[in-house]
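Accompanying notes for the structure given below.
As the structure is a prediction and not an experimental result, all values here were calculated from the model. In each ligand, atom 1 is the first atom listed, and ligand 1 is the first ligand listed.
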Amino acid sequence: MSFSAVLDSLALRKPPLVRGFEQLIEPKSEADLESMAQASRRLTLQNFGRTMRLFAPLYLSNECINNCRYCGFSRDNPILRVTLSIEEVAAEARYLRQAGFRQILLVAGEHPKFVSGNYLLECVRALAPDFPSISIELGPMRTDEYIPLVRAGAEGLVVYQETYQRGVYAELHTAGPKRDFDYRLDCPERAYQAGFRRIGIGALLGLWRWQEEAIALAAHLEYLLQHCWQAQITVSLPRLRPAAGGFRPLFSISDRELAQLICALRITFPQVGIVLSTRERPSLRDALVSLGVTMMSAGSHTEPGGYTRRGIEHLHQTVRGRIIPPEFRDGEDKLATGQFEISDDRPPERIATILRQRGFEPVWKDWEQTLSG
Ligand code: SF4
């Protein structure tokens, strides 16, 4: 049975593990929440030790043919766009390597004209010698399109379903191939078949009631743990941030609820990695470190060229796939537009220091490509 069928029957037939998870995300007293937090800390320690994987996103392009109402890169937003050349990507990567990173996440909007399969292949080939762990977060592809990327050195794939509610998904994704809910939903399995050894999923919190998204996410995790059992599975819980286009979240999840959700995921899925991005503010990130999170981004930029200001000389706007000269507003920084605003802009070495002060070992590298033969 595909996960699509599991999802569609979830209201009527919840697996026992998911029913247990559902109870964990119900409203709790302070005392109950504290005992969940203790269980979550203990399980995280048992399964991951006192370590925190650090990674950075490297945005290749902010071109996109989709319209996602919540995203600054949506094709109808008149933003400053760029697709970095391979040399510019390499320069951004050198900056991140000097900052200590050996694990990077390549991110791009979905635009076959600007972000082609060959372009991606060249990016991965250029970075593989310096980065033992390269993950990608791009528009979903077919298995045969993923295979060359895996062979070139990409080992992780991240794809968020955004929302698991079909009706909400249809309302928010108004144009472009991303409208195909099931093609996105099946992407982790296609990636697994292609040989990716890390697979990350997530829901964008703020598009629908978080409890319903969390239950679907838990069901998806359980499904992937059964069907893609050789891969390391991670889960992200990004909360919507302000972005170009001005979309405002219709639903919210408080800090306390987010902490409870992290604990519930850890208790239900002790072996799953939990990712926390720089979308969250510093004080909250520091507090969540010891609660169940196992992987963090640090010092992130969401603009292509944001680390080194590469690519600014070919900034432009894009109208129906056609490049037009940029219109700079008064006082506007001449840099490509970012996907969303960052909350924690502390540099990576500061994050590493804070982790050590809290008794955690920052892990910049935990994999060597030669180990995969
Ligand atoms: S969320 Fe992804 S697909 Fe949608 S507009 Fe943004 S970059 Fe494009």
Exercise: do Glu222 and His227 side chains pair donor with acceptor under 3.5 Å: no

field: Element-labelled atoms of ligand 1 that are located less than 4.0 Å from some non-hydrogen atom of Ser74
entry: 5 (S)

query: Between Arg53 and Gln103, is any side-chain donor less than 3.5 angstrom from a side-chain acceptor?
result: yes

statement: Among non-hydrogen protein atoms, atom 1 (S) of ligand 1 lies closest to Lys178 NZ, 3.4 Å

message: Ignoring hydrogens and geometry beyond distance, is a side-chain donor-acceptor pair present between Arg266 and Thr44 at under 3.5 Å?
response: yes

query: Between His173 and Tyr70, is the ring centre distance below 6.0 Å?
result: yes

- request: Name the closest protein heavy atom to atom 8 (Fe) of ligand 1, giving the residue it belongs to and the distance to 0.1 Å.
  value: Cys64 SG, 2.2 Å

field: Protein heavy atom at shortest distance from atom 3 (S) of ligand 1
entry: Asn66 ND2, 3.3 Å

field: Which of the ligand 1 atoms, numbered from 1, are nearer than 4.0 Å to a heavy atom of Gly109
entry: 7 (S)

Distance flag, aromatic centroids of His301 and Tyr59, threshold under 6.0 Å: no

task: Check whether any side-chain N or O of Arg346 sits under 3.5 Å from a backbone N or O of Arg350 as a donor-acceptor pair, and report yes or no.
output: no

- request: Can you pull out the closest protein heavy atom to atom 4 (Fe) of ligand 1? Residue, atom name and distance to 0.1 Å, please.
  value: Cys68 SG, 2.2 Å

- line: atom 6 (Fe) of ligand 1 has as its nearest protein heavy atom Cys71 SG, 2.3 Å

